[in-house]
Amino acid sequence: MRITIDRDRCIGSGQCVMTAPGVFTQDDDAVVALVPGHEDGAADPRVHDVPLVCPVQAVAIFED
């Protein structure tokens with residue numbers, strides 16, 4: 001699995017963090033970031049729901 005984030009598109013709604021807190025976090029500007037060490041998404045089974053809940057589609061997930 002590969003997770004991509006468009007930080008320029010992110011509006012800081014936090015939906016990703018609420019959905020998969022083991023994988024996503026927000027920086028000091030509330031922009032989405034990946035939790036260090038969990039960039040592969042395996043830490044949270046709900047990671048696949050994140051692209052659906054992001055209001056601006058800033059997160060994409062690709063299966064390798």
Between [X] and [Y], what is the shortest heavy-atom contact and its length?
X     : Y     : result
Ala43 : Gly22 : CB-O, 3.5 Å
Ala30 : Cys10 : O-SG, 4.2 Å
Ile3  : Ile61 : CG1-CG1, 4.2 Å
Gly41 : Val47 : O-CG1, 3.6 Å

Can you tell me if Asp28 has over 12 outside heavy atoms packed within less than 6.0 Å of its CG?
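Count not over threshold, so no.
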Find out if a path of hydrophobic residues (ILVMFWY) with successive side-chain heavy-atom gaps under 4.5 Å connects Val23 to Val31.
no
Taking a hydrophobic cluster as the set of Ile, Leu, Val, Met, Phe, Trp and Tyr residues connected by side-chain heavy atoms closer than 4.5 Å, whether directly or through intermediates, do Met1 and Val32 fall within one such cluster?
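In one cluster with Met1: Val32, yes.
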For the backbone of Phe62 and the side chain of Arg2, can you confirm whether one donor and one acceptor N or O come within less than 3.5 Å of each other?
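Side chain of Arg2 to backbone of Phe62, a donor-acceptor pair under 3.5 Å: no, none is there.
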Kindly say whether Arg46 contributes a backbone atom to a donor-acceptor pair with the side chain of Asp44 at under 3.5 angstrom?
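Between the backbone of Arg46 and the side chain of Asp44 there is a qualifying donor-acceptor contact (under 3.5 Å).
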Test side chain to side chain contact (heavy atoms under 4.5 Å, CB included) on Arg7 and Asp27; report intermediate values, then the result.
CA-CA 11 Å; Arg7 292 176 49 86; Asp27 65 14; 2.6 Å; yes
Do Val35 and Phe24 have side chains that approach each other closer than 4.5 Å (heavy atoms only, starting at C-beta)?
no
